[in-house]
Amino acid sequence: MPKRRPSIPNAASVRRAAPFARSEAIPKRGWHDALVWPDTGILLSVGTNAELPSRFRDHFKSRIRVVQTVDREVRGHCRSRPAEDASEYQHRLFDAADFSVNQLLVGPAAFEVLELRDEDLEVIDEIRDQLRGVSEEEKKRHGGEAAIIAVVQRQSRGRNERRHILLTNDGGASVVASHRGLPSRHIVDVIAEFACADPDVTPERCLAFVQESTKVSAPPAACIPKRADAFTCDKSNNGCQSCDAH
């Protein structure tokens, strides 16, 4: 049987960053019943600050799902320490990966890692073709995002009626995931959820989290706020207007 062609066209010769396909159905404070699937970029972002791993774990609790490919990618970034004369970004990347692994992926409280099944592999190849078609980086492997989308699609075909959200900073991945029925959120959205859940997380602190995290992994530039008031809740006496509307 010939290989199914991806329904998303291949990229043009000049590659541009895909916009982030943001779901308007998800309120600022998120869906509290949804399973969340962080990709490698999100776990790296979370590893940039001493507070973020515990906030990530405490906020999403048992709703976090990590696929095997993402686990391996994050560990791969801290397998060997960069040379002293390596770029500042390489040192930041190593430190973020190392901290994320030690805080989230090892030890008695480590996230459970889901292994792939044989039935996922052909679907993953198809999804990776689509991801390459909308990616700004021609040589990017897209293994983690493709694996997440494939596993979620498989689970959604069964009796699992729960909602799912892809956590990714990759605009192209959000486009492909949306095309396949999986909504996405990026690290700025995740940090905004922390603020909604905990009034002690000030808008200024949120902006500082974003400024740190995006030095390692960032969503499209249009998603990154420049001012702290982007994290100010629109709450009123009757509740949160921007969230309760959903």
Side-chain angles (χ1 to χ4, degrees), residues 15 17 36-60 64-118 120-121 123-125 127-129 131-132 135-152 166-174 176-177 184-188 190-191 209-220:
R15 293 175 176 263
V36 296
W37 299 78
D39 72 355
T40 302
I42 290 293
L43 293 183
L44 291 173
S45 293
V46 170
T48 58
N49 181 280
E51 285 186 48
L52 289 180
S54 59
R55 288 196 177 277
F56 188 76
R57 185 195 302 281
D58 293 345
H59 180 70
F60 292 113
I64 299 168
R65 299 290 184 273
V66 177
V67 298
Q68 184 181 50
T69 311
V70 169
D71 177 78
R72 289 175 176 173
E73 286 180 352
V74 177
R75 291 172 186 269
H77 285 301
C78 60
R79 192 164 290 130
S80 59
R81 183 173 291 278
E84 295 235 351
D85 59 351
S87 69
E88 182 180 356
Y89 172 75
Q90 289 175 304
H91 285 283
R92 286 182 184 275
L93 179 63
F94 174 88
D95 290 342
D98 186 60
F99 193 61
S100 184
V101 167
N102 282 288
Q103 294 296 312
L104 302 175
L105 300 179
V106 299
F111 297 148
E112 181 182 359
V113 176
L114 284 71
E115 295 187 3
L116 302 178
R117 298 182 183 176
D118 290 343
D120 299 325
L121 300 181
V123 182
I124 287 174
D125 286 341
I127 296 169
R128 287 178 69 175
D129 283 344
L131 289 165
R132 290 189 189 101
S135 177
E136 185 181 18
E137 301 177 45
E138 186 173 1
K139 296 182 179 180
K140 188 174 180 180
R141 294 177 59 84
H142 302 288
E145 299 98 333
I148 292 170
I149 296 169
V151 171
V152 171
L166 169 64
L167 301 183
T168 181
N169 289 330
D170 189 301
S174 75
V176 173
S184 301
R185 306 199 94 191
H186 48 67
I187 189 61
V188 180
V190 171
I191 291 170
F209 286 151
V210 168
Q211 290 170 339
E212 286 181 271
S213 67
T214 53
K215 291 177 181 178
V216 171
S217 176

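For reference, positions follow the sequence shown, starting with 1. Predicted model, so just to flag it, every value in this text is computed and none were measured.
Taking 4.5 Å as the limit, every side-chain heavy atom of V46 sits out of range of all side-chain heavy atoms of S213. Annotation: side chain of I187 is not in contact with side chain of V210 (no heavy-atom distance under 4.5 Å). At least one side-chain heavy atom of V151 sits less than 4.5 Å from a side-chain heavy atom of W37.
Once rounded to the nearest 0.5 Å, the distance linking CG of L131 with CD of E145 reads 6.0 Å. The OG1 atom of T40 lies 12.0 Å from the CZ atom of R72; values are rounded to the nearest 0.5 Å. Annotation: the span from E88 atom CD to K215 atom NZ amounts to 7.0 Å, rounded to 0.5 Å.
Under the side-chain contact (heavy atoms from CB on, under 4.5 Å) criterion, S217 pairs with S45, N169, sequence neighbours left out. Remark: H77 engages no residue in a ring-ring contact (aromatic ring centres under 6.0 Å, His included) (not counting sequence neighbours). Every salt bridge (Lys or Arg N to Asp or Glu O under 4.0 Å) that D170 has, sequence neighbours left out, goes to K140. Applying the ring-ring contact (aromatic ring centres under 6.0 Å, His included) criterion to F56, with sequence neighbours excluded, gives F60. With sequence neighbours left out, R57 forms a salt bridge (Lys or Arg N to Asp or Glu O under 4.0 Å) with no residue at all.
Considering every non-hydrogen atom in both A86 and Q90, the closest pair reads CB-OE1, 3.1 Å. Closest heavy-atom contact between P38 and I148: O-CD1, 3.6 Å. In terms of heavy-atom proximity, A173 sits nearest to L166 at O-CD2, 4.2 Å. The two residues I127 and A150 come nearest to each other via the heavy atoms CD1-N, 3.7 Å. Closest approach of T214 and P219 over heavy atoms only: CG2-CD, 4.0 Å. Taking each heavy atom of T69 and G144 in turn, the nearest pair found is CG2-N, 3.8 Å.
Using a 4.0 Å cut-off between charged nitrogen and carboxylate oxygen, R132 and D129 count as a salt-bridge pair.
Without hydrogens or angle criteria, D39 side chain to I42 main chain gives a donor-acceptor distance under 3.5 Å.
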Report, one line per pair, each donor and acceptor closer than 3.5 Å where one atom sits in a side chain of residues 99-117; sequence neighbours left out.
residue, atom, partner, partner atom, Å
S100, OG, L43, O, 3.0
N102, ND2, D98, O, 2.7
N102, ND2, D98, OD1, 3.3

